[in-house]
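Just so you know, these numbers come straight off a predicted model, no measurement behind them.
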Amino acid sequence: MSWLPLSFGAPMVLWGLLALPVIWWLLRLTPPRPQTEVFPPLKILARVLRREETPQQSPWWLTLLRLLMAALVVMALAEPVFNPREKLPAEGAALALVVDNGWATAADWNKRVATAERLIADAGSNGVPIVIAFTAEKPNAEIGPFDASAALDHLRAAKPRPVPTDRPAVYARVAAALERLPGASVAVLADGLAAKGDDAAFKTLLEKNATRLVWATSDRPSLTGLIGADNQVDGFALTAIRAPGNPAPAQVTAGAFDDKGRRIADATLTFAPGEATATAAMAVPFELRNDFASIALDGEHQAGAVRVLDESSKRRRVGLLSQAEADQAQPLLSPLYYIRRALQPFADLVEPSSADLADAIPQLLDQKPAMIIMADVGTIPEQVKQRLVDWVDKGGTLVRFAGPRLAAAGNDDDLLPVRLRSGERALGGALSWTTPQAVTEFPKNGPFADLSPPSEVTVSRQVLAEPTPDIVERTWATLADGTPLVTGMKKDKGTLVLFHVTPEATWSNLPISGTFVEMLRRVVQLSRNQGAAIANAEATAASLAPYRMIGADGMLTPPSPDARPLVPGAGPLPVTLENPPGLYGSETGVFAHNLLDASSTFAPLARPQVSLPVTAVPYAFDESENLKGPLVAIALLLMVLDTLAVFWMGGLLARRPRRAAVATAATVLIVLGGLFGHADLARADDSKPGDAQAIDDISKTRIAYVITGEPGVDAISRAGLEGLTRFLIEKTALEPGPPAGVDIAKDELSFFPLIYWPIDATAPMPSQAAIARIDAYMQQGGTVLFDTRDQFSNGIGAGSASPATERLRDILGNLNVPPLEPVPSDHVLTKSFFILPEFPGRFNGSPLWVEASLDASNTENRPVRTGDGVSPIMITANDFAGAWAIDENGDPMLPTVPPDPMQRVYALRAGVNIMMYMLTGNYKSDQVHVPVLLERLGQ
């Protein structure tokens, strides 16, 4: 029964409202008429006084209150629902719920879960089993059937994955499960994108055992993806796609980020009306483009809107050098002509202004190129050779082409990958028995391993390499007769490459082939911009470990346990659960594995044409609200008001005002207890009044900390002392009680041997009375550990200007502070429990200041400095509490700086030494036990 926007689950109960007139009549019922007495007036009066009077009728407002209360109870029993939703068809032998959880569902995943929860709830109310499967999960994932509770658990445990869906495999598993449950309803919660094999998948799922189809999908996918980010001559060329057929124009902004997540460039891509593709260019300088680590579309929280970049996306600066003069009349004969044409699309080319090698090579090196190509360069001048060798050793890539000058120059072991024979070899011609040689299969150990050998390329002349034991592993391309065509080797961090033919089409037609362009591109990819060269052959031959993954929401995250190493190969690599999109490799070099490629499109998913009844539902949150609880609560409140009204009318509140006040106060306390029942129990221990608090403080040794009034500082102080307390219990015989927070202006301080005071410049300055109490505490034997927590601000010495240090100086200016010194190497603190040369905290570098020893003249005869007591003051800037702080699970709350796990251990040991020093004083400086110890050691 429903009257929008209100419906009732049990409308028949509303007939109970007809009883309201009867209830009204009962409440208004007139008592019997008074009996007429004929006795004397005094006797009548005495009888009337002894008899309890009954009012003729209840007040109208009390009657109305009770009628309203009864009406609310009746309406609550009718199970009213505000803004009710239509019940989804989830009947039959079972409900098969198939949910897409690929990358395209990340942006509105919560809506999809809410829709699935409604289907499961309706199926549970009908008592039917539920088969639930997700199309981007492992093939062996359990799919049921489940009851409604277990199905909800599986639904809430699922999450979107940054991979495409696999509908054919998952739908086949669901169809197999439905063979045992014929007559089931099938609910498909799709992502709205068509994929390969959808028609066959829907046919498998719906053809045999389904009796109804519930179809939930978006009308038009609103996704925008990034399919191209190419580093070109003038800037980064970006290409974005959206679903076709959208008549509205649209704009989307792309941002470029460096490896630290900083945004360094923007571009706006505009979709014309009805267009599915948009392009834009990020026109930024060459050096800035090479800092791009990823490009993402603003507002698109899904993996398809992010592209990560590797070295192949970074544009290299390539220097070109040749000793031959360019012939303006015949440019095709220029040694650099074909090299320029091949490299121009993906590299920035620079050339020297001088033809003299002594000037040209320094000019190129000054521009910090990633690679230098020398076309038939013979002998390199000695005055610049060493600088060129150093450039190669530091990561440069030197590519040399043969020619008459190189053949006549002889060997150069520093700048050639192999030793050469004198002269050149001619193949074919009238005076030769040989014929031009073709290129054979590329060796597997080189960067050209996955290229097909060009059948049209022949070589008629070449320079030959001397046969050496390592010639095979340095050969990257060979001719049919086995002689090298291209050789290369790593030299320190750099790479040397030699083409044994000229770069123009005189010795070979290789420069005019498409293979030449691809070979140069691979060599360019070997180079690194002002960094170490890592051979691409090594990357293609070995698997690359997951390094940084793209999450379903488009954020870069650490690799999950399911991620497996990636084996790069020819062609695009599929994105799977084992190889999700992201970066593979290590800090020295990464390989970008992106979700979308240049051929990707967003095709809308069409609803399958089936003869089954189809119910289309939108993705939406359940906005219905059950009013039964609020109505019952209001009825109970009216009942309380009715009870109070009856007490008032009967005079109970007037006759017993004291009891009424007590009852009211008790009710208020109960309500407040229910509201604040989750208060911090640990702080409750510190708020006990009077003697009970004092007894609790002295029953166990407790470390105190000063409550500064800054919640974040006080929370870290308490967590830090709790961590130190736990460490003391584990490592020593001392079992301290829980740490206590103290207000130095009011609380008794003498119960605590040590008070930790974190200095915070934003906290209120203590009053003079509070500082006087601290001064008295220190004079009576207590110790205060001041911690400015600003190790990078030069401690407490002169010239320090950090706010925390300035605040500490203001506090110490009102105290009787003794002379201070950093803890000497022979101080009791360095050996009170652990042997410690320093006292680090979350930071490391600041000394721990203590009271200076006034008499240290007998250091030769005593193992530690003299001193009859314990230093009343300690000062550090290393943030002890930050290093000690632990959470509820016992895990560290704050990282150490630097992030060294042992630094935290040393910080805890420093805390143990401080506590042992506080409790035992200079016990370990006493020599009375030395003879006995030496005697035992001698035994």
- Item | Intermediate values then yes/no, salt bridge (Lys or Arg N to Asp or Glu O under 4.0 Å), Arg167 and Asp198 | CA-CA 7 Å; Arg167 295 193 185 107; Asp198 283 348; 3.0 Å; yes

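- Annotation: the span from Asp376 atom CG to Leu321 atom CG amounts to 11.0 Å, rounded to 0.5 Å.
- Residue Lys491 places its NZ atom among more than 12 non-hydrogen atoms of other residues, nucleotides or ligands, all under 6.0 Å distant.
- Considering only heavy atoms from C-beta on, Asn594 comes within 4.5 Å of Ile550 through its side chain.
- For the pair Arg405 (side chain) and Ala402 (backbone), a donor-acceptor distance under 3.5 Å is absent.
- No more than 12 heavy-atom neighbours from other residues, nucleotides or ligands sit within 6.0 angstrom of CZ on Arg341.
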- Check the pair Leu388, Lys385 against side chain to side chain contact (heavy atoms under 4.5 Å, CB included), reporting the backbone distance first and the verdict last. CA-CA 5 Å; Leu388 184 61; Lys385 180 179 179 180; 5.7 Å; no

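- The closest donor-acceptor contact from the side chain of Asp492 to the backbone of Gly494 lies at 3.5 Å or more, if one exists at all.
- A donor-acceptor contact shorter than 3.5 Å links the side chain of Asp258 to the backbone of Arg262.
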- Message: Run Gln363 and Asp359 through side chain to side chain donor-acceptor pair (under 3.5 Å) and show every step you take.
- Response: CA-CA 6 Å; Gln363 289 178 12; Asp359 296 330; 5.7 Å; no

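- By the 4.5 Å heavy-atom criterion applied to side chains, Leu349 and Arg316 are not counted as neighbours.
- Looking at Arg317, its side chain never comes within 3.5 Å of a backbone N or O of Val350 through a donor-acceptor pair.
- For Phe401 and Phe499, the ring centers sit closer than 6.0 Å to each other.
- Of all heavy-atom pairs between Leu583 and Met549, the closest is O-CE, 3.2 Å.
- A 4.5 Å side-chain heavy-atom check between Arg263 and Asp298 finds at least one atom pair inside the cut-off.
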- Item | Full working for side chain to side chain donor-acceptor pair (under 3.5 Å) between Ser599 and Asp597 | CA-CA 6 Å; Ser599 61; Asp597 56 31; 2.9 Å; yes

- Under the side chain to side chain contact (heavy atoms under 4.5 Å, CB included) rule, what do Leu365 and Ile372 come out as? Steps first, then yes or no, please. CA-CA 9 Å; Leu365 294 178; Ile372 293 178; 3.7 Å; yes

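- With contacts defined as side-chain heavy-atom distances shorter than 4.5 Å, the pair Leu269/Gln251 does not qualify.
- Nearest heavy-atom pair, Leu510 versus Val501, reported as atom, atom and distance to 0.1 Å: CD2-CG2, 4.5 Å.
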- Which is it for Leu398 and Met374 under the side chain to side chain contact (heavy atoms under 4.5 Å, CB included) test, yes or no, and what are the steps along the way? CA-CA 8 Å; Leu398 178 63; Met374 293 183 175; 4.0 Å; yes

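- Going from atom CG of Leu406 over to atom CG of Asp412 covers 9.0 Å, rounded to the nearest 0.5 Å.
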- Could you walk me through whether Arg548 and Asp259 pass salt bridge (Lys or Arg N to Asp or Glu O under 4.0 Å), step by step? CA-CA 11 Å; Arg548 292 287 186 272; Asp259 55 359; over 6 Å; no

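- In terms of modelled atom types and a separation under 3.5 Å, the side chain of Asp310 and the main chain of Ala592 share a donor-acceptor contact.
- A donor-acceptor distance shorter than 3.5 angstrom exists from the side chain of Gln302 to the backbone of Thr224, with no hydrogens or angles considered.
- Of all non-hydrogen atoms in Leu189 and Arg112, the two that sit nearest each other are CD2-O, 3.7 Å.
- Side chain of Glu300 to backbone of Asp553: no donor-acceptor contact under 3.5 angstrom is found.
- Two residues are said to be in side-chain contact when any heavy atoms from C-beta on lie closer than 4.5 Å; Pro546 and Pro558 fail this criterion.
- His500 contributes atom NE2, which lies 4.0 Å from atom CG of Leu498 (distance to the nearest 0.5 angstrom).
- Side chain of Arg400 to backbone of Val497: no donor-acceptor contact under 3.5 angstrom is found.
- Looking at Glu456 and Asn509, their side chains never bring a donor and an acceptor atom within 3.5 Å of each other.
- Here Arg307 contributes atom CZ and Phe236 contributes atom CZ; the two are 10.0 Å apart, rounded to the nearest 0.5 Å.
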- Show your working on side chain to side chain contact (heavy atoms under 4.5 Å, CB included) between Phe442 and Met519 and close with a plain yes or no. CA-CA 11 Å; Phe442 292 106; Met519 292 172 74; 4.3 Å; yes

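- Looking only at side-chain heavy atoms (C-beta outward), Trp103 and Leu223 come within less than 4.5 Å of each other.
- At least one side-chain heavy atom of Ile264 sits less than 4.5 Å from a side-chain heavy atom of Asp291.
- The CG atom of Leu193 lies 8.0 Å from the OG1 atom of Thr165; values are rounded to the nearest 0.5 Å.
- Using modelled atom types, no side-chain atom of Asp166 and backbone atom of Ala136 make a donor-acceptor pair closer than 3.5 Å.
- Residues Pro162 and Pro581 have side chains in contact (heavy-atom distance under 4.5 Å, counting atoms from C-beta outward).
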- Hey, mind stepping through Thr135 and Asp100 against side chain to side chain donor-acceptor pair (under 3.5 Å) and telling me if it holds? CA-CA 5 Å; Thr135 58; Asp100 284 347; 2.8 Å; yes

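- Judged purely by atom type and a 3.5 angstrom limit, His593 has no side-chain atom pairing as donor or acceptor with the backbone of Leu566.
- Residues Trp391 and Thr397 approach most closely at CH2-O, 3.2 Å, considering heavy atoms.
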- Query: Would Glu351 and Arg340 satisfy salt bridge (Lys or Arg N to Asp or Glu O under 4.0 Å), going step by step from the backbone distance to the final call?
  - Reply: CA-CA 11 Å; Glu351 298 185 43; Arg340 292 192 191 97; 2.7 Å; yes

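- Here the straight-line distance linking atom CE of Met489 with atom OG1 of Thr495 works out to 9.0 Å at 0.5 Å rounding.
- Across Glu504 and Tyr338, no two heavy atoms sit closer than the pair CA-CD1, 4.0 Å.
- Of all heavy-atom pairs between Ala360 and Ser354, the closest is CB-O, 3.3 Å.
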